[in-house]
Visitor: 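Below you will find the structure I want to go over with you.
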Number of protein chains: 2
Amino acid sequence: MTRRSNKSAHSRVRADHASEIAEDYVEAIAAILVEKEICRVIDLAREFQVSHVTVNRTISRLQRDEFVTTTPYGPIELTPKGRRLAQASRRRHEIVLRFLKALGVSDATAIQDSEGIEHHVSGETLQAMEKFAAKRLGSGE
Amino acid sequence: MTRRSNKSAHSRVRADHASEIAEDYVEAIAAILVEKEICRVIDLAREFQVSHVTVNRTISRLQRDEFVTTTPYGPIELTPKGRRLAQASRRRHEIVLRFLKALGVSDATAIQDSEGIEHHVSGETLQAMEKFAAKRLGSGE
DNA sequence: ACCGAGATGTAACCAAGGCTACATTTCCAG
DNA sequence: CTGGAAATGTAGCCTTGGTTACATCTCGGT
Ligand SMILES: [Mn+2]
Ligand SMILES: [Mn+2]
Ligand SMILES: [Mn+2]
Ligand SMILES: [Mn+2]
């Protein structure tokens, strides 16, 4: 076991990565919209620590895929599809974050690790994490 | 908290991804070497479910970075550096896998999810996972 | 009103990782 | 020993996501 049984988990990982940027962007956009009511290219450049050019081109792809809308020099908005993805991504991210903290990991580390882990957590695992965190923090302890 | 405090976890994630293929390849090569004593391009193409061309070019990069050695039409071998990375990657992967199983996730799901998660687990989190799995499966139960 | 700093856009480049199509090499079954 | 199937290599293509350099637009403070 353990070795050589996995048909190809790697294809799944590649698929996870293909949707990762969309998930992180719409999640970030939604968060910025909440606390600043307007989202601009530079906000995302700061958040992701990339150049504004990278943000521009990413936003183009997201617009092509109908997650966001924007106009030249205008702010960035979410489509309904974008809002749905943002909501789901935020929920999953928060569950993973809470889970890591419940596991006993420091806040700083939990924040860092959850940013990558979130994209590789299946529904089944997410449920297990949720349950675990609930048992740890929920009402007891 | 939770929102807007993370300076940039995203840079860390990008760094994780940059080393991911090297880790997975050397880990796979080491495993193949154990049970077949020779590793060929086609073995890796099957393992990762990619074309042999992709494997070729990846192996070139790994050779450039001194993780593997190979010759035209020859088998693929690990350098000492490659062996060290393989060993460390295997260990981390196994801890994550055992951890997910200990959490109550099914074997199939644990195999899938651990393949992506492993690359985003910091030392601190890995230790927490190890400890948890030990408590769950270690001597009790 | 206007002007300059900061935000945004665009051009051109790069590396990684995918692919298909085709060429070449290996090596074993007959 | 040899023919051909399987393995390997090579050429050329694509998308994503990163960069710097430079051009243009916007808008708030004087
Ligand atoms: Mn993320
Ligand atoms: Mn990942
Ligand atoms: Mn692995
Ligand atoms: Mn992996």
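Residue numbers begin at 1 in each chain, while the letters A, B, ... track the order of the sequences. Quick caveat, the model's predicted, so the values are computed rather than measured.
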Visitor: Quick one, which residues of residues 64-74 of chain A touch DNA chain D with a heavy atom under 4.0 Å?
Guide: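 Hits under 4.0 Å, by residue number: A:Arg64, A:Tyr73.
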Visitor: Between A:Thr70 and A:Pro75, which heavy-atom pair has the shortest distance, and what is it?
Guide: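 That would be OG1-O, 3.0 Å.
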Visitor: Of all residues at least two apart in sequence or in a different chain, which pass the side-chain contact (heavy atoms from CB on, under 4.5 Å) check with B:Glu130?
Guide: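 B:Arg91, B:Ile95.
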Visitor: Going by atom type alone, with no hydrogens or angles, which donor-acceptor pairs under 3.5 Å involve a side-chain atom of residues 50-58 of chain A and a protein atom two or more places apart or on another chain?
Guide:
unit_1: A:Ser51; atom_1: OG; unit_2: A:Val53; atom_2: N; d: 3.4
unit_1: A:Ser51; atom_1: OG; unit_2: A:Thr54; atom_2: N; d: 3.3
unit_1: A:Ser51; atom_1: OG; unit_2: A:Thr54; atom_2: OG1; d: 3.3
unit_1: A:Thr58; atom_1: OG1; unit_2: A:Thr54; atom_2: O; d: 2.8
unit_1: A:Thr58; atom_1: OG1; unit_2: A:Arg61; atom_2: NH2; d: 3.3

Visitor: Could you tell me the separation between the CD1 atom of B:Ile76 and the C1' atom of D:dA7, rounded to a whole number of Å?
Guide: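 In whole Å, D:dA7 C1' lies 12 Å from B:Ile76 CD1.
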Visitor: Does anything in residues 15-24 of chain A reach DNA chain D, meaning a heavy atom under 4.0 Å, and if so which residues?
Guide: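 A:Ile21 - these, ordered by number, are the residues of the stretch whose heavy atoms sit under 4.0 Å from the strand.
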Visitor: Here's a test of your reading of the structure: between B:Asn56 and B:Arg14, which maps to the more 5' nucleotide of DNA chain D?
Guide: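 With B:Asn56 and B:Arg14 compared, the 5'-side residue is B:Asn56.
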Visitor: Can you name the nearest heavy-atom pair linking B:His120 to B:Arg12, along with the distance?
Guide: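 For B:His120 versus B:Arg12, the nearest heavy atoms are O-NH2, 3.2 Å.
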Visitor: Does a sphere of radius 6.0 Å around NZ in A:Lys36 hold more than 12 heavy atoms from other residues, nucleotides or ligands, not counting ones at 6.0 Å or beyond?
Guide: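 Result for NZ/A:Lys36: enclosed.
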Visitor: Checking B:Glu124 against A:Thr109: is there a side-chain donor and acceptor pair closer than 3.5 Å?
Guide: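 On atom types as modelled, these side chains qualify, holding a pair under 3.5 Å.
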Visitor: In whole Å, what is the span from the CD1 atom of B:Ile42 to the P atom of D:dA7?
Guide: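 That distance rounds to 4 Å.
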Visitor: Would you mind reading off the distance between A:Leu62 atom CG and D:dT16 atom P, rounded to a whole angstrom?
Guide: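 My rounded result for the distance is 11 Å.
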Visitor: Quick check: closest heavy atoms across A:Gly74 and A:Arg40, and the distance to 0.1 Å?
Guide: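 Result for this residue pair: C-NH2, 3.5 Å.
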Visitor: Does a donor on one side chain and an acceptor on the other come within less than 3.5 Å for B:Ser114 and B:His93?
Guide: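 Yes, because at least one side-chain N or O of B:Ser114 sits under 3.5 Å from a partner of the opposite role on B:His93.
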Visitor: May I ask you to say what A:Arg40 touches in the nucleic acid, namely base, sugar-phosphate or nothing, with a heavy-atom cut-off under 4.0 Å?
Guide: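 Sugar-phosphate: the residue A:Arg40, judged by heavy atoms under 4.0 Å, touches backbone atoms but no base.
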Visitor: Among residues at least two apart in sequence or on other chains, which ones pass side-chain contact (heavy atoms from CB on, under 4.5 Å) with B:Thr79?
Guide: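 Result, side-chain contact (heavy atoms from CB on, under 4.5 Å) vs B:Thr79: B:Thr69, B:Lys81.
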Visitor: Can you check whether A:Arg61 has a side-chain N or O nearer than 4.0 Å to OP1 or OP2 of D:dG17?
Guide: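 For D:dG17, OP1/OP2 do have a side-chain N/O of A:Arg61 under 4.0 Å.
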Visitor: Counting distance only, does the side-chain N/O of B:Arg90 pair as donor-acceptor with the main-chain N or O of B:Glu27 below 3.5 Å?
Guide: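 A pair under 3.5 Å: no.
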Visitor: Which nucleotide sits closest to the side chain of B:His52: D:dA7, D:dT19, D:dG9?
Guide: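 Looking only at heavy atoms from C-beta outward on B:His52, the closest nucleotide is D:dG9.
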Visitor: Could you list where the contact with chain B starts and ends along DNA chain C, reading 5' to 3', using a 4.0 Å heavy-atom cut-off?
Guide: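 Contact span on the strand: C:dA16 to C:dT25.
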Visitor: Can you see whether A:Gln112 engages B:Ser122 through a side-chain donor-acceptor pair at a distance of less than 3.5 angstrom?
Guide: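 No.
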